[in-house]
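Heads up, the thing below is written out as structure tokens.
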Amino acid sequence: MANKYRVAVKKLHVILLLVCVHFAWSQKQITYSSVQVYTTAKETNERLSASATALFAPAGQPFETQICVFVDPAKKFQTFMGIGGAITDASAEVFALLSPAKQQEFLDSYYSKSKGIGYSLARTNMHSCDFSSGSYTYVAEGDSELNTFSIAHDKKFRIPLIKKAMQTAGKLTVYASPWSPPAFMKTNEDMLQGGSLKPEFYQAWANYFVKFIQAYEKEGIPIWGISVQNEPMAKQRWESCIYSAEQERDFLKNNLGPTLKKLGLGAKKIIVWDHNRDLMFQRAAAIFDDPVASKYAWGIGFHWYENWSGGQQMYENVKKVHEAYPTKNILFTEGCAEAFNAEKYQFWNNGEKYGTSMIHDFNNGTVAWTDWNILLDEQGGPNHVGNFCFAPVHANTKTDELIYTPSYYYIGHFSKFIQLNAKRISSVASRSQLLTTSFQNPDKSIVTVVMNTSDEAVSYNLYLNNQAATVSIPARAIQSLVYKTN
């Protein structure tokens with residue numbers, strides 16, 4: 001009897017253990033938080049609006065007829081380092097024309113997480129670019145020794161705006177790009193219309209970068225990094241300079257990289273290419289396959305202007321670079337809607353272009369995303385060569401009005417909710433009309449961005465392991481889903 005009793009007790013213990021394990025497993029499955037849904041939708045008043053709350057519930061194998069977004073936090077990819085825009089001369093000059101109240105509204109709208117969309121990244125131009133009121137450099141003509149170097153021009157508008165943005169954001173990563181060396185350093189003796197850097201000025205131009213970094217940091221603006229040249233294969237009617245892949249490689253490895261290192265600036269990040277997706281793999285190969293040049297290159301930057309004849313964006317090229325050079329970082333450095341027309345401030349396709357690009361670029365390995373001008377006036381400028389463009393926010397300087405375009409809200413669906421140092425995680429849609437990407441924040445919350453590119457509302461299931469929450473997305477809309485796991 002004693003043996004039978006002991007066997008019975010052991011069986012009871014096993015049963016209780018199994019019950020406890022099942023209970024713990026069941027509890028684990030239901031500890032996902034509810035999903036807060038934020039929506040921006042065409043032909044509605046929803047703009048980054050808290051539009052719904054969805055609840056997770058146990059779910060099994062979805063049917064073929066169901067539309068789903070599958071998220072897997074166990075599949076982790078690149079670390080997120082920020083989203084932002086360019087603080088150009090044009091943006092700073094327009095900002096200065098606003099009333100103090102509108103200036104504060106503008107700063108909050110971009111750089112506050114609670115009041116705005118939480119930008120954490122900024123690009124700026126190293127002396128003039130097309131979005132400056134005129135061409136200028138920091139040295140007198142012919143001064144290859146850089147004895148006359150001065151950033152006095154920037155202290156009037158641009159530096160004050162950068163400082164205010166830094167103060168509002170709390171943490172702002174700033175990097176800089178040159179559009180052209182001074183005219184005397186170039187083969188065409190002109191800052192405009194392309195030309196190339198003369199070999200005899202390679203070292204002087206590298207020293208110019210050092211002067212710029214030191215001058216800005218003396219003003220209290222830390223420079224996180226630089227790109228070698230904005231759009232090095234574009235001959236433009238504005239400031240521009242041509243570098244072949246070999247020229248950029250050699251300037252980087254023989255002059256710019258060693259000079260920064262020698263003068264104590266070796267920790268500054270150097271971004272190569274800084275041009276369109278079309279030729280980015282060829283440029284990456286030329287520089288990253290050279291072991292000396294590669295050691296100075298933090299990563300590669302790219303723009304989105306490659307669809308010259310209305311073709312498709314070449315998102316796959318970003319993926320190919322990431323696959324071939326996984327230790328190098330990929331950064332989107334510029335994009336905007338061109339051909340400014342004030343009647344198209346609310347042109348919805350401009351916002352959708354941002355959402356589509358950001359989802360594809362992040363899914364292909366991009367670590368950060370930088371828009372072009374943060375602010376332009378009612379003419380799409382100022383711009384000294386008439387190259388007027390859209391910005392996410394425009395100012396009517398005659399009425400002291402700020403105009404928020406769809407692009408602002410589409411960008412905000414990423415920048416407001418994704419935290420610095422988040423990890424991109426697996427996110428897959430079961431229907432082609434839905435685009436999606438997901439990030440897990442350092443606080444363990446998950447941000448899933450879903451974009452509906454169709455003209456019909458869609459009901460879909462957000463799957464997380466064996467749980468699902470049902471969400472409805474309007475036609476031509478973008479959503480951010482924010483939730484936590486246990």
Side-chain angles (χ1 to χ4, degrees), residues 84 86-92 121-163 165-166 172-186 191 197-198 201-232 238-241 243 248 251-252 254-274 296-298 301 331 333-334 370:
I87 302 179
T88 58
D89 288 318
S91 296
L121 189 64
R123 183 187 188 213
T124 197
N125 46 295
M126 198 167 86
H127 60 230
S128 66
C129 64
D130 48 334
F131 279 89
S132 301
S133 292
S135 292
Y136 67 92
T137 72
Y138 301 132
V139 295
E141 182 66 17
D143 179 17
S144 60
E145 298 298 320
L146 311 184
N147 294 319
T148 58
F149 191 96
S150 170
I151 58 168
H153 175 281
D154 299 2
K155 292 181 181 180
K156 186 175 182 181
F157 296 117
R158 186 146 49 99
I159 286 176
L161 176 54
I162 294 173
K163 288 182 176 180
M166 290 171 58
L172 190 66
T173 298
V174 180
Y175 69 100
S177 302
W179 266 243
S180 171
F184 70 87
M185 295 187 184
K186 296 175 64 185
M191 290 184 70
L197 179 63
K198 295 177 181 177
F201 288 111
Y202 273 31
Q203 189 55 50
W205 184 226
N207 295 341
Y208 198 103
F209 280 81
V210 171
K211 292 276 192 180
F212 171 83
I213 294 169
Q214 292 173 336
Y216 261 63
E217 295 197 336
K218 187 177 180 180
E219 290 296 314
I221 301 174
I223 299 298
W224 169 85
I226 53 171
S227 70
V228 178
Q229 168 66 40
N230 176 72
E231 300 187 347
W238 53 86
E239 288 85 342
S240 48
C241 183
Y243 286 80
E248 183 175 10
F251 174 64
L252 171 63
N254 297 328
N255 302 96
L256 184 58
T259 299
L260 291 179
K261 183 178 180 181
K262 179 181 178 181
L263 296 176
L265 300 174
K268 303 302 180 186
K269 314 304 183 188
I270 301 178
I271 301 160
V272 301
W273 187 225
D274 201 0
Y296 294 116
W298 172 84
L331 171 66
T333 48
E334 185 186 315
T370 324

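In this text, all values refer to a predicted model and were calculated from it rather than measured experimentally.
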Between the side chain of Gln229 and the main-chain N/O of Trp179, is any donor-acceptor distance below 3.5 Å?
yes
Quick one: does Asp143's side chain have a donor or acceptor within less than 3.5 Å of a partner on Thr148's backbone?
yes
Any residue meeting salt bridge (Lys or Arg N to Asp or Glu O under 4.0 Å) with Asp130, in chain and number order, not counting sequence neighbours:
none
Inter-residue atom distance Leu260.CG - Ile226.CD1, 0.5 Å rounding:
5.0 Å
Quick one, Phe131 with Asp89, criterion side-chain contact (heavy atoms from CB on, under 4.5 Å). Give me CA distance, side-chain angles, the key distance, then yes/no.
CA-CA 6 Å; Phe131 279 89; Asp89 288 318; over 6 Å; no
Does a side chain donor of either Thr333 or Arg123 reach within less than 3.5 Å of an acceptor in the other side chain?
no
Using the six-membered ring wherever Trp is involved, compare the ring planes of Trp224 and Trp298 and label them parallel, tilted or perpendicular (cut-offs 30° and 60°).
perpendicular
N/O donor-acceptor pair under 3.5 Å between Lys186 side chain and Met191 backbone:
yes
Residues in salt bridge (Lys or Arg N to Asp or Glu O under 4.0 Å) contact with Lys261, at least two apart in sequence or another chain
none
Side chains of Leu331 and Leu121, heavy atoms from C-beta outward: is any pair under 4.5 Å?
yes
With no hydrogens and no angle check, do the side chains of Ser135 and Glu239 hold a donor and an acceptor under 3.5 Å apart?
yes
Taking side chain to side chain contact (heavy atoms under 4.5 Å, CB included) as the definition, give me every residue that meets it alongside Lys155, ordered by chain and number, with sequence neighbours left out.
Ile151, Ile159, Glu219
So Trp205 and Tyr208, would you call those rings parallel, tilted or perpendicular, with 30° and 60° as cut-offs?
tilted
Aromatic contact between Tyr216 and Phe212, with the criterion being ring centroids under 6.0 Å apart: yes or no?
yes
